[in-house]
4 protein chains.
Amino acid sequence: MVEFRVDRGSGLPAYLQIAQQVREALRLGWLAPGDRLPAVREVVATSGVNPNTVLKAYRELEFAGLVEARQGAGTFVKAGLGTGDREALGQLYEELAGWLSRARQAGLEDEDVYALLRTALDPDRERE
Amino acid sequence: MVEFRVDRGSGLPAYLQIAQQVREALRLGWLAPGDRLPAVREVVATSGVNPNTVLKAYRELEFAGLVEARQGAGTFVKAGLGTGDREALGQLYEELAGWLSRARQAGLEDEDVYALLRTALDPDRERE
Amino acid sequence: MVEFRVDRGSGLPAYLQIAQQVREALRLGWLAPGDRLPAVREVVATSGVNPNTVLKAYRELEFAGLVEARQGAGTFVKAGLGTGDREALGQLYEELAGWLSRARQAGLEDEDVYALLRTALDPDRERE
Amino acid sequence: MVEFRVDRGSGLPAYLQIAQQVREALRLGWLAPGDRLPAVREVVATSGVNPNTVLKAYRELEFAGLVEARQGAGTFVKAGLGTGDREALGQLYEELAGWLSRARQAGLEDEDVYALLRTALDPDRERE
DNA sequence: GTGGTCTAGACCACG
DNA sequence: GTGGTCTAGACCACC
């Protein structure tokens with residue numbers, strides 16, 4: 001079961017945050033084809049957003065072919081996403097968690113961590 | 001010298017992307033107090049955004065006390081951000097880059113990497 | 001310039017009617033890549049639907065890759081649709097118009113015409 | 001015997017599609033007064049819709065005075081629809097089928113055909 | 001009770 | 001002035 005976290009004031013529209021979190025859950029294997037997404041009303045209850053916002057996110061995912069809405073039944077995952085190798089994922093997760101704890105000991109905040117990762121993913125960005 | 005990358009269609013407003021990239025440059029030490037931000041017309045030339053959008057980003061940073069606009073001279077960094085320990089940062093960056101290359105060998109895409117990091121930063125998100 | 005006709009009570013949602021009419025205009029060459037769609041506010045004025053309904057239609061077309069919204073500038077046709085042979089289209093149109101006038105002389109109503117066409121398009125439907 | 005085709009995702013509600021197909025069958029003479037409509041469970045079996053959806057369609061037709069439900073016996077056609085001239089209809093159908101095959105040779109798809117017909121039925125729609 | 005559609009209207013981002 | 005986002009709430013279609 002996934003639970004969405006909507007961060008108002010992050011600048012990113014709420015419906016995109018929800019859609020992104022579904023995609024992440026698909027990538028990490030928390031959601032698999034056939035699974036049901038939380039009902040719109042559930043998301044409303046837990047996240048405090050408006051029903052239409054959730055619908056918009058679900059519809060976006062439907063357009064992308066990732067989920068399928070069945071009238072009166074719910075919204076279901078249609079396709080998976082990302083690497084299939086769950087084991088490697090777990091291993092990498094452990095390593096990353098270790099690195100993260102070292103980074104925090106060195107005084108880095110979440111923002112620093114994101115900045116580092118973004119640079120590492122796209123080294124060209126660095127310039128002097 | 002920093003160069004901004006504005007990703008239209010990422011959902012995040014252009015002016016927030018610029019402001020965020022300045023903050024990241026401050027965190028990583030690419031920009032330090034006294035440095036000049038690129039002129040608005042330079043950013044316009046390299047990023048294709050509207051001048052007003054750049055101005056809005058710079059105003060936002062000025063409001064946050066990070067930069068200072070000097071009439072006719074440009075916009076200058078006023079304060080630093082983040083950990084002062086440049087050495088630790090370099091070390092952590094190398095480790096992260098190593099981890100990242102392993103992750104990519106395992107077939108992970110950028111989105112998978114972000115998903116993992118987000119989970120590592122906020123482990124409560126994972127749920128049965 | 002296209003003008004939309006929204007038939008409330010046809011059962012088909014208004015936003016789908018608008019999207020469909022844009023697609024038809026693309027097919028018939030009334031709209032070509034680079035053309036601007038009518039502004040949301042114009043459609044609202046001429047069709048009496050709600051702005052959000054128009055937005056939903058335009059967004060649907062954007063998802064389909066047919067149009068592109070440019071902030072503050074409007075929504076523009078990105079890709080064409082259908083056969084490129086405008087001449088053949090005109091010829092066929094004339095023939096169809098002739099047939100249609102004969103059909104009407106024989107007393108057929110629009111509904112009869114649609115029923116005939118649907119059968120002709122999908123002859124398997126006929127069964128006894 | 002009529003068989004219904006329900007196209008989920010056409011946007012048109014399922015019950016309206018069924019009712020419309022009955023009306024079309026009446027117009028084209030596939031159904032005549034006294035004929036029995038397929039039983040609800042038959043439609044369910046062939047179309048995959050919910051029994052209530054079929055009932056709603058039949059009720060709608062009954063309301064329109066076109067059919068009549070007889071308890072325990074089924075639903076029967078009460079009135080005809082459209083032009084009585086079966087011969088003219090057949091002739092027009094042949095002509096239309098001929099035109100259609102030429103249209104397809106010219107590369108037109110079903111959508112193009114519908115677009116043409118819609119324009120021919122309502123020529124005012126075309127505009128500069 | 002499920003998702004889907006539409007309205008009305010406020011506010012924001014961008015040119 | 002352009003499109004985009006979100007809210008609130010009514011109503012519909014379907015299971």
Side-chain angles (χ1 to χ4, degrees), chain A residues 6 8-9 11-18 36-44 47-62 67-76, chain B residues 6 8-9 11-19 44 48-57 60, chain C residues 6 8-9 11-18 36-44 47-62 67-76, chain D residues 6 8-9 11-18 44 47-57 60:
Chain A
V6 175
R8 341 270 295 134
L12 202 60
Y15 81 100
L16 284 180
Q17 295 185 37
I18 292 174
R36 212 190 87 163
L37 294 188
V40 171
R41 290 159 170 80
E42 284 170 19
V43 180
V44 167
S47 307
V49 300
N50 185 281
N52 283 335
T53 303
V54 184
L55 272 181
K56 194 167 183 179
Y58 283 10
R59 167 167 276 251
E60 185 127 338
L61 293 164
E62 199 171 4
V67 308
E68 185 184 22
R70 300 191 204 132
Q71 269 287 25
T75 302
F76 296 82
Chain B
V6 175
R8 343 265 297 134
L12 203 59
Y15 81 99
L16 284 180
Q17 295 185 38
I18 292 174
V44 167
V49 300
N50 186 284
N52 286 330
T53 304
V54 185
L55 277 177
K56 188 163 184 180
E60 185 126 333
Chain C
V6 176
R8 338 272 294 133
L12 202 59
Y15 81 101
L16 284 179
Q17 294 185 39
I18 292 174
R36 211 190 88 161
L37 295 189
V40 171
R41 289 158 170 79
E42 285 170 18
V43 180
V44 167
S47 307
V49 301
N50 184 280
N52 284 334
T53 304
V54 184
L55 274 181
K56 193 167 180 180
Y58 282 12
R59 166 165 277 251
E60 185 126 338
L61 293 163
E62 199 170 5
V67 307
E68 183 183 23
R70 300 190 203 132
Q71 269 288 27
T75 301
F76 296 82
Chain D
V6 176
R8 345 264 298 135
L12 202 60
Y15 80 100
L16 283 180
Q17 295 185 38
I18 292 174
V44 167
S47 309
V49 301
N50 187 283
N52 286 330
T53 304
V54 185
L55 277 176
K56 188 162 184 180
E60 186 126 333

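To find a chain, count down the sequence lines: A is the first, B the second, and so on, and within it residues start at 1.
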Euclidean distance, atom [atom1] of residue [X] to atom [atom2] of [N] [Å, nearest integer]:
X: C:Arg41; N: F:dG4; atom1: CZ; atom2: P; result: 11 Å
X: A:Arg59; N: E:dC6; atom1: CZ; atom2: P; result: 9 Å
X: C:Leu55; N: E:dA8; atom1: CG; atom2: C1'; result: 14 Å
X: C:Tyr58; N: F:dT5; atom1: OH; atom2: C1'; result: 18 Å
X: C:Arg70; N: F:dG4; atom1: CZ; atom2: C1'; result: 17 Å
X: C:Asn50; N: F:dG3; atom1: CG; atom2: C1'; result: 14 Å
X: A:Gln17; N: F:dG4; atom1: CD; atom2: P; result: 19 Å
X: C:Lys56; N: E:dT7; atom1: NZ; atom2: P; result: 10 Å

### Query
Taking the side chain of C:Val40 as its heavy atoms from C-beta onward, which of F:dT7, E:dG3, F:dG3 lies nearest to it?
F:dG3

### Working for side chain to side chain contact (heavy atoms under 4.5 Å, CB included), residues A:Arg59 and C:Lys56
CA-CA 11 Å; A:Arg59 167 167 276 251; C:Lys56 193 167 180 180; 4.2 Å; yes

### Task
Write down the atom of C:Glu60, the atom of C:Leu16, and the distance for their closest heavy-atom approach.
OE2-CD2, 3.7 Å

### Task
Please report the shortest heavy-atom distance between B:Leu12 and A:Gly11, naming the atom on each side.
CD1-C, 3.7 Å

### Side-chain donor/acceptor of A:Asn52 to base of F:dG9, under 3.5 Å
yes

### Side chain to side chain, D:Val49 and D:Arg8, heavy atoms closer than 4.5 Å
yes

### Query
Does E:dT2 pair with anything, Watson-Crick or G-U wobble, both distances under 3.5 Å, and if so, with which nucleotide?
F:dA13

#### Entry: Given DNA chain F, 5'-ward residue of the pair C:Glu42 and D:Leu16, judged by closest heavy atom
C:Glu42

### Task
Starting at CG of A:Leu55, measure out to CD1 of A:Ile18 and round the result to the nearest 0.5 Å.
10.0 Å

### Task
Taking only the side-chain nitrogens and oxygens of D:Arg8, find out if one of them lies under 4.0 Å from OP1 or OP2 of E:dG4.
no

### Summary
By nearest-nucleotide position on DNA chain E, the 5'-leaning member of B:Pro13 and C:Gly48 is C:Gly48

### Upstream residue (5' side of DNA chain E) when C:Val49 and B:Thr53 are each assigned their closest nucleotide
C:Val49

### Message
Classify B:Tyr15 by what it touches in the nucleic acid, base, sugar-phosphate, or nothing, heavy-atom distance under 4.0 Å.
### Response
sugar-phosphate

